[in-house]
Every structure is written in structure tokens, then in C-alpha cells.
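If you're wondering where the values come from, they're calculated on a predicted model, not measured in any experiment.
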Amino acid sequence: NNHSLEWNMQKIKPAKDIIDSIQYIPIKNHPNGLFGDVQKIYFNDNKIVVFDEKKANGVFIFNNNGDFLFRVGNKGGGPGEYSILKNIDVNGKYIYLLANAQKKILIFDMDGNFIEEKKLPFHAHDLAIMNNGDMLFTYHYPNKKENAYRIMITDSNFKIKEELYKVNDNDAKLSSPSYFSNFDNKIAYSAYILDTISVFSRDSKHIETYSIDFKKNKVPARNKANSQEFLNQGNYSFLFETHKIITDKYLIGGVFLNHKVEPFILDLSTNDIYLNDRKQKEGQFFKYFHYPYAKCGNKIEALFAKIIEMR
């Protein structure tokens, strides 16, 4: 199924109108649990899983009160160790660490115990694990490569079962920190300056797409490949590299708008767009929301806040 949505600046409303409340979970300082640039967050098994690729380059586990529990894995060249982590996924009772440079996946349980190491026959930039053991992989090609695809679906032994979205000349050369977002037993795929989101079910081959038309402000296809050169030259709008989360009622993510990036909530039925009200009074700041990272029920988890009870 394909859902076509329109970005209409005449339908912008303040986000505080649909946010009931925000709950903050303070992450407590710990010498072994320091991170600085979060790429992914998961809420699973009464634990908070935080992945920092750029600064700490590690996976940190906290309880739901923000207390540090342990770090997953260690740097090194031995079993269960990695030189550099590129990405992670969490599914059920296991944490999957992608060590792209070493072409391997490390599997740990939710208590941090090392389970298994698997060698990859290819490089990948992100991964997502299906409930039947199949895996989604994506690799960013800065230049067009013949017969290359943006997504590979493999079995648990990395045998390719299907390839999706062939690489073309108009793909952006800029990469994203993450390509897969996880919510409600689903996986969302999006890439830099790609205004279509593909949503996979973890239980089946069903794929739904959500396309946003930015009308006169959308990035021309011919310019996407040279995005660094032209983004500041015009009033372009596009979905930014932040995580995308889709509920029954809303699409939530980040948008490049008026030369800056803003978190947004888009109503799927009315096309109403909710943005933070920059002019709201200080006493209303509790209804200011941040970029989404994860979803649990009707709660949207962000880096600094947890949005509660979306109407």
C-alpha cells in the first residue's frame, strides 16, 4: 500500500495541542556509561538500550529509572569483541551489533552475555532483524554502482533472498547515521533526502510506503546527488535523517524546513502538521518535543524527553 501525503504550510498547528504530557527520565552519570551522540534508543525488557556511534562508539544499558547497568561488548579482536561499531538492532531477547569494518555481527542477550558471532559476506551500514530470523541490510553507495540495491533481505545465514530499491544517479551522496527505525513490531526505512518511507512488518513480507509531496519546495531529482552544493541555495524542504515513526494516526520525524531542521508530527488523515511553537511562554515549555527515537504504546521516546499520551 502506498500512502501519498501533502506538506501544506497552511495547515501548520502548534504541537502542544496534541501532546498531553511529557515525562523526563534522567540518565544518571556513571564512569562506564558516558555517551555523547546517540544514534539509536530502544525500550526493551524493562531496559533502555542506547547506541552512540560517533563519540563513545558503544552500546549502553540503563534501567527504566535511568540507572546505568552495563555496557554491551568490548573493543578488541577476540570473540565477542569489535574494533568499530557501525549500527545495532534489538529484537526480542537479543541485541545485534554490526561491526562493519570487520564484516561481522555480534549477538548478545539482554543481560549483556555474549551469544554468538557471525561473519558477514558483505559490508553494511545498518541492519534490522525480522521475527523469523531473516535480516534487512542497507549499504550507502556514494556513487552509482551497477546492479546495486539499497536494501538486501537475507536469511539468517546471509543468503540473499530479495533486493529492493536499485541504486540510481539521483540518490543523495550524503549518508545517514541510521536507515532503519523500529516501532510496533515494524521497521521503517528511509535515506537522506528521500521523501518516501518504507515500512516493513517484522512478521511478514508486507511493505507499506508513505510519500510526502513538498510541492514547489521539494528537492529536484537532478540535484539530490549534489545535495551539499545546493541545499543552502534555495528554500528546499525534505525529510531529514532523523528516525521516522508511524502510528495509526501520525507520522513523526524531522524535516529540513526554512534552512533548519525541526521535529514534526503529521496527521495521516487530515494532513495537519504539528510543529513546536517557538513563541510559547516559558511555562508551556513542558509541551516542547524533540526528535523521535522509539515508540512504546502511545509513548514516543526522544533523546531528552518521553512524550506521553498522544491524543
Side-chain angles (χ1 to χ4, degrees), residues 1-9 11 13 18 89 91-92 126-140 148-155 160-168 170-172 176 178-215 217-219 221 224 237-256 263-274 291-301 307 310-311:
N1 297 333
N2 181 60
H3 306 269
S4 298
L5 306 167
E6 179 181 312
W7 188 274
N8 187 344
M9 294 297 292
K11 303 192 77 172
K13 298 181 178 181
I18 60 168
D89 190 28
N91 188 11
D126 204 352
L127 80 165
I129 314 302
M130 309 292 279
N131 290 338
N132 66 354
D134 286 355
M135 301 183 177
L136 302 182
F137 291 96
T138 185
Y139 184 83
H140 175 74
Y149 292 80
R150 285 187 276 139
I151 290 181
M152 292 186 299
I153 303 177
T154 78
D155 63 16
I160 298 175
K161 300 172 70 172
E162 190 174 0
E163 294 176 303
L164 302 172
Y165 311 134
K166 194 169 185 177
V167 174
N168 62 67
N170 293 327
D171 288 342
S176 298
S178 292
Y179 294 86
F180 294 122
S181 305
N182 301 272
F183 55 90
D184 291 344
N185 206 34
K186 296 179 181 179
I187 302 160
Y189 167 81
S190 61
Y192 196 73
I193 319 183
L194 181 67
D195 295 330
T196 296
I197 304 165
S198 299
V199 180
F200 298 79
S201 168
R202 284 194 191 261
D203 290 320
S204 69
K205 292 184 177 180
H206 181 70
I207 304 174
E208 291 195 60
T209 59
Y210 295 80
S211 301
I212 297 182
D213 186 357
F214 287 98
K215 299 296 183 181
N217 297 116
K218 68 181 178 182
V219 179
K224 289 184 178 181
S237 298
F238 56 88
L239 292 178
F240 202 63
E241 59 188 30
T242 54
H243 289 281
K244 318 298 187 302
I245 292 175
I246 299 170
T247 73
D248 292 338
K249 192 172 181 180
Y250 301 109
L251 189 161
I252 307 163
V255 62
F256 187 87
F264 73 90
I265 302 170
L266 174 61
D267 191 304
L268 296 174
S269 59
T270 66
N271 275 348
D272 288 338
I273 302 164
Y274 296 90
Y291 303 109
Y293 276 80
K295 177 180 181 293
C296 181
N298 62 345
K299 304 173 184 178
I300 305 300
E301 285 85 17
I307 302 177
M310 294 189 64
R311 301 188 184 119

Fill in: Contacts of type side chain to side chain donor-acceptor pair (under 3.5 Å), residue Ser204, not counting sequence neighbours
none
Worksheet item: Taking only residues two or more places apart in sequence, or in another chain, which ones meet Asp267 in a salt bridge (charged side-chain N to carboxylate O under 4.0 Å, His left out)?
Response: none
Worksheet item: What residues, two or more places apart in sequence or in another chain, satisfy side chain to side chain donor-acceptor pair (under 3.5 Å) together with Ser201?
Response: none
Practice prompt. Report the residues that fulfil side chain to side chain donor-acceptor pair (under 3.5 Å) with Asp203, sequence neighbours left out, ordered by chain and then residue number.
Written response: Asn131, Asn185
Discussion item. List the residues meeting side chain to side chain contact (heavy atoms under 4.5 Å, CB included) with Ala188, not counting sequence neighbours, and say none if there are none.
Written reply: Ser181, Phe183, Ile197, Val199
Worksheet item: Asp134: what forms a side chain to side chain contact (heavy atoms under 4.5 Å, CB included) with it, not counting sequence neighbours?
Response: Met130, Asn132, Asp155, Lys161
Worksheet item: Which residues satisfy the side chain to side chain contact (heavy atoms under 4.5 Å, CB included) test with Thr138, sequence neighbours excluded?
Response: Asp126, Tyr179, Phe180, Tyr189
Item to complete: Could you list the residues that satisfy side chain to side chain contact (heavy atoms under 4.5 Å, CB included) with Glu208, not counting sequence neighbours?
Response: Asn1, His3, His206, Tyr210
Practice prompt. Kindly write out the residues that satisfy salt bridge (charged side-chain N to carboxylate O under 4.0 Å, His left out) with Glu162, not counting sequence neighbours, or none if the list is empty.
Written response: none
Response to the item:
Contacts of Lys244 meeting salt bridge (charged side-chain N to carboxylate O under 4.0 Å, His left out) (sequence neighbours excluded), chain-then-number -> none
Worksheet item: Sequence neighbours excluded, which residues qualify as side chain to side chain donor-acceptor pair (under 3.5 Å) partners of Ser198?
Response: Tyr165
Response to the item:
Contacts of Lys11 meeting salt bridge (charged side-chain N to carboxylate O under 4.0 Å, His left out) (sequence neighbours excluded), chain-then-number -> Asp272
